[in-house]
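Take a look at the structure set out below.
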2 protein chains.
Amino acid sequence: MDVFEALADPVRRELLLRLGEGPARVADLASEHPISRPAVSRHLRVLREAGLVAATASGRERPHALAREGLEPLRAYLAALDAAAATLTPPVAEHQLDALELELRRSGRRRTSGSTSEGETA
Amino acid sequence: MDVFEALADPVRRELLLRLGEGPARVADLASEHPISRPAVSRHLRVLREAGLVAATASGRERPHALAREGLEPLRAYLAALDAAAATLTPPVAEHQLDALELELRRSGRRRTSGSTSEGETA
DNA sequence: GCAATGCGTAACCATACGGTTACCTTTTCG
DNA sequence: CGAAAAGGTAACCGTATGGTTACGCATTGC
């Protein structure tokens, strides 16, 4: 699952913001949204597969937390847009270049092989 | 049309990167992708409605160019995630706060009114 | 003036997506 | 121990999406 696709849904964006404030249980997240718990569960799965959140096991609970490194493709994309313009841009950090390369490769793979699995990095 | 949704598609992300290097005609963009020209045209429309690109009229041609200000919601979202963690983050610029407020309001509107039009800012 | 070019859009289609309820497994609690 | 809680997933459903071809209008070039 691709970061950009994961963030296309407003519920998922909200969930991510919420988790940015600290880990939360599925039930808590579900109670904060006017949708069913299984729907929230499904969204969290998407976010996990995109590498944007990580779940831990705590008995029967599955607290989820933001995985900040998952945001690198997004930052890298913005950086690439800035770099493409050859304007006054700060140097692109190497780890961003790595994420950019990964993102471009992933996009390229999607293009050429149609339905190639996309969750390999999750 | 929402910026995040617009960027969910890899073709559109590529188109945007390409336009980041300079304006281009629809036909040129179409020739660079293994999809039909109407498909590219449709993608460009999505990007226009999301405020990410702008088209000019040049006779029968419709050069499209990246509209950098359209990326603000994306930057604002990342900033919000950074701010939510209350870590060592740079101060959030006021124009980013504005974009963030707009984005949050837009997301809220989507949530409460189901199919409210989303292209108001385009 | 006419053919070619450029591009937007409609109609169609297969697939995907985000919601729902129902069901099930595991863990916790009284 | 049995009921409740927590959470994952399947099946279903209505809607959306991203591709296609066909069509039509405006502009350009010979």
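Owing to the predicted nature of the structure, the values given are computational and were not obtained by experimental measurement.
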Check: Which part of the nucleic acid, if any, lies within reach of A27(A) when heavy atoms closer than 4.0 Å are counted: base, sugar-phosphate only, or nothing?
Finding: sugar-phosphate

Counting only side-chain nitrogens and oxygens, does [X] get under 4.0 Å of the OP1 or OP2 atom of [N]?
{"X": "R42(A)", "N": "dG19(C)", "answer": "no"}
{"X": "S41(B)", "N": "dG8(C)", "answer": "yes"}
{"X": "R25(A)", "N": "dA6(D)", "answer": "yes"}

Separation of [X] atom [atom1] from [N] atom [atom2], in whole Å?
{"X": "R37(A)", "N": "dG19(C)", "atom1": "CZ", "atom2": "P", "result": "14 Å"}
{"X": "R12(A)", "N": "dA16(C)", "atom1": "CZ", "atom2": "C1'", "result": "12 Å"}
{"X": "R45(A)", "N": "dT9(D)", "atom1": "CZ", "atom2": "P", "result": "5 Å"}
{"X": "D9(A)", "N": "dT17(D)", "atom1": "CG", "atom2": "C1'", "result": "14 Å"}
{"X": "M1(A)", "N": "dA16(C)", "atom1": "CE", "atom2": "P", "result": "11 Å"}
{"X": "L15(B)", "N": "dG18(D)", "atom1": "CG", "atom2": "C1'", "result": "13 Å"}
{"X": "L44(B)", "N": "dG19(D)", "atom1": "CG", "atom2": "P", "result": "12 Å"}
{"X": "H43(A)", "N": "dG8(D)", "atom1": "NE2", "atom2": "P", "result": "14 Å"}

Check: Hey, does H33(A) have a side-chain heavy atom less than 4.5 Å from the side chain of L15(A)?
Finding: yes

Checklist line | Beyond-backbone contact of L19(B) with L44(B), side-chain heavy atoms, under 4.5 angstrom | finding: yes

Notebook entry, point to check: What distance separates L52(A) CG from R68(A) CZ, expressed to the nearest 0.5 Å?
Noted result: 11.5 Å

Notebook entry, point to check: CG/L29(A) to NE2/H43(A) distance, rounded to the nearest 0.5 angstrom?
Noted result: 11.5 Å

Notebook entry, point to check: Has R45(B) got more than 12 heavy atoms of other residues, nucleotides or ligands less than 6.0 Å from its CZ?
Noted result: no

Next item on the list: Select one nucleotide: of dG19(C), dG19(D), dT9(C), the one nearest the side-chain heavy atoms of V11(A).
Entry: dG19(C)

Margin query: Please find the pair of heavy atoms, one from Y77(A) and one from L17(B), that lie closest to each other, and give the distance.
Written below: CE1-CG, 3.6 Å

Next item on the list: Decide, yes or no, whether a salt bridge links R42(A) with D9(A) under the criterion of side-chain N to carboxylate O below 4.0 Å.
Entry: no

Notebook entry, point to check: Looking at DNA chain C, which of residues 57-66 of chain B put a heavy atom within less than 4.0 Å of it?
Noted result: R60(B), E61(B), R62(B), H64(B)

